[in-house]
Number of protein chains: 2
Amino acid sequence: MQHYERVEKVRLLVVDDDPPIADLVATVARYEGWEAVTAYTGEDALRRAAEFHPDIVVLDLMLPGVDGFGVLDRLRAFGTMVPVVFLTARDGVADRVAGLTRGGDDYLVKPFAVEELMARLRTVLRRCAGPAFQRSVLRVGDLTMDEDTREVRRGARLLSLTPTEYEVLRYLMRKSPTVLTKAQILDHVWEYGFGGRSNVVELVVSRLRRKLDETDEGGSPLIHTVRGFGYVLRQAAE
Amino acid sequence: MQHYERVEKVRLLVVDDDPPIADLVATVARYEGWEAVTAYTGEDALRRAAEFHPDIVVLDLMLPGVDGFGVLDRLRAFGTMVPVVFLTARDGVADRVAGLTRGGDDYLVKPFAVEELMARLRTVLRRCAGPAFQRSVLRVGDLTMDEDTREVRRGARLLSLTPTEYEVLRYLMRKSPTVLTKAQILDHVWEYGFGGRSNVVELVVSRLRRKLDETDEGGSPLIHTVRGFGYVLRQAAE
DNA sequence: AGTCCGGCGACAGCTTCCCGACAGCTCCCC
DNA sequence: GGGGAGCTGTCGGGAAGCTGTCGCCGGACT
């Protein structure tokens, strides 16, 4: 189920001047079994980094006082090579390029979906950890998902998924064989702040099912409905 | 809150401006062997949190004065990363809650069933405890219930239960081998304020029995009637 | 033997889920 | 910058499954 086995917990520092966002990320990370610490200002971020020694940093670019780049520069000035993932506002296209050229390892545009952030963090960690990047391939039954190439296969058949379908499926695969509620799926895969209290999840699942199972001779369905509760991805439950 | 096999009692803070509700939750928690403290206002909640250091918080969002969100913000501002389970009214705020629950914190809509609340609290605690992958499996005789996959088995045979049946069975299993009255079952599994002064419990038990025992050659029945009192779940009755 | 309590078949109303159809949007290509 | 293609979410009808009520029956206790 996990992509890389480290015995110690990943240590994450989250820097965002918007406490709810920072806490959101920290909470998610904790539920993944990581250790997470938050900072709401650039100064605080540097202090925390010094004492906490994070393995990875999530860094908002728009901070009051010392801004994101400043924080990064000073981190580097200390000789810390800790990987950094930037958060930026929607329209700051300039920020993106600048961010990457100035030593960030990845970036994400706000508002983001928590699963996507976690996925990127795992990718960055994976890249930094091993010399040759070990592929991360999720597998449930005869279904495989290669997170590097984004190839998804049912047996040998290559599936073509839309971005949303891909994300939902990844979440289902990562949590398999746990049953997930629609609310959980919505909360993890859609951007925070998404209003739609609708049946989007049902719909995407429906579309996913069709693609997963559209085989000529029936492979048994992989996505199961748990009525009154949610969905699971797993192989035939006898 | 570090390890799940904690010797110390779980410390729970319940915040609800409706004293009967808060006390109800606190009482049930104490009955489970937890330490529970109640607060009826936001200010009080912050005070109690500061001195009591809870492991988990149940927080009603509609509070007079400082509301639920305010309480949460200030808790977080202190650096407390204590997990929170929110309570909200049926309509209205539910949307805004969504944003807060993404992390893995959870929420419940009023009126809720006490057992469901306790189940979610246990889940959240379990997930915080560490590498988030430890399963919670209940077992009574040859009957097992996996709370993550929601799989229930009698021996090897997989049972398919409706949500209500599942909840009743879980309660019976958790309390086994204690005898429970119909009133207890009703009070714990159905929403507080449920009107039906009827024989629902009998009915669900009846349906459960059929599913549990429908084996070809008789596995001995697991649910036993204690006439004039209630029901027990246990292996051999004498 | 009478009375009471629990078991359970049958049914009706309701909730939940699935999915076809469609419209707004974005992104890309010309 | 106009047109097209694909993606995403809304609406709503229809089907399936779940829940609780009624009421009779049978067994248990007095």
Side-chain angles (χ1 to χ4, degrees), chain A residues 90-91 93 109 111-113 116 150 152 159-169 171-172 179-187 189-191 193-214 221-233, chain B residues 90-91 95 98 109 111 113 116 150 152 159-169 172 179-187 189-191 193-214 221-233 237:
Chain A
R90 170 65 66 191
D91 44 6
V93 186
V109 172
F112 51 87
E116 188 171 359
R150 287 182 78 94
V152 180
L159 308 184
S160 132
L161 303 182
T162 70
T164 310
E165 289 163 3
Y166 180 87
E167 292 294 330
V168 171
L169 183 59
Y171 187 47
L172 284 169
V179 181
L180 301 169
T181 66
K182 281 184 262 189
Q184 283 177 307
I185 299 175
L186 198 64
D187 286 350
V189 173
W190 271 260
E191 301 170 349
F194 177 74
R197 287 257 123 257
S198 58
N199 57 352
V200 242
V201 177
E202 283 175 19
L203 186 53
V204 173
V205 166
S206 152
R207 284 168 179 161
L208 260 178
R209 271 208 257 244
R210 198 177 315 159
K211 290 185 179 177
L212 293 187
D213 299 335
E214 75 182 358
L222 285 179
I223 303 182
H224 307 276
T225 302
V226 180
R227 198 151 225 283
F229 195 85
Y231 299 101
V232 213
L233 183 76
Chain B
R90 170 69 59 190
D91 44 9
D95 300 349
V109 172
E116 191 172 356
R150 286 180 79 94
V152 180
L159 310 183
S160 136
L161 303 182
T162 70
T164 310
E165 289 163 3
Y166 181 89
E167 293 292 331
V168 171
L169 183 59
L172 285 168
V179 181
L180 300 168
T181 67
K182 281 186 259 189
Q184 280 178 308
I185 299 177
L186 200 63
D187 287 346
V189 173
W190 272 261
E191 301 170 349
F194 176 71
R197 292 264 122 257
S198 59
N199 57 351
V200 242
V201 177
E202 285 175 16
L203 185 52
V204 174
V205 167
S206 149
R207 284 167 179 160
L208 261 178
R209 272 210 257 246
R210 195 179 318 158
K211 289 184 179 178
L212 293 188
D213 298 335
E214 75 183 358
L222 285 179
I223 303 183
H224 308 279
T225 302
V226 179
R227 213 180 161 76
F229 194 81
Y231 299 100
V232 212
L233 183 76

Applying side-chain contact (heavy atoms from CB on, under 4.5 Å), can you list everything that pairs with [X], at least two apart in sequence or on another chain?
X	result
B:Glu202	B:Lys182, B:Asn199, B:Tyr231
A:Thr181	A:Ala183, A:Gln184, A:Phe229
A:Arg207	A:Glu165, A:Leu203

Round to the nearest Å and state the distance from [X] atom [atom1] to [N] atom [atom2].
X	N	atom1	atom2	result
B:Ile223	C:dG7	CD1	P	10 Å
B:Lys211	C:dC8	NZ	C1'	15 Å
A:Leu208	D:dC7	CG	C1'	14 Å
A:Ile185	D:dG9	CD1	P	14 Å

Going 5' to 3' through nucleotides 14-21 of chain C, assign each nucleotide B (protein heavy atom under 4.0 Å from a base atom), S (under 4.0 Å only from sugar-phosphate atoms) or - (no protein heavy atom that close). --BSBBS-
Quick one: ring pair (Phe, Tyr, Trp, His ring centres under 6.0 Å) partners of A:Tyr166, sequence neighbours excluded? none
Looking at D:dT19, I'd like to know if its phosphate oxygens (OP1 or OP2) sit under 4.0 Å from a side-chain N or O belonging to B:Thr162.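 Looking at the OP1 and OP2 atoms of D:dT19, one of them is under 4.0 Å from a side-chain N or O of B:Thr162.
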Please confirm whether the shortest side-chain N or O distance from A:Trp190 to OP1 or OP2 of D:dT8 is below 4.0 Å. no
Please enumerate all residues that pass side chain to side chain donor-acceptor pair (under 3.5 Å) together with A:Thr225, with sequence neighbours excluded. A:Arg209
Can you pull out how bent the helix from C:dA1-D:dT30 to C:dC30-D:dG1 is, comparing the axes over its first five and last five pairs, to 10°?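 Result, rounded to 10 degrees: 30°.
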CG of B:Leu172 to CG of B:Leu222: how many Å apart, nearest 0.5 Å? 10.5 Å
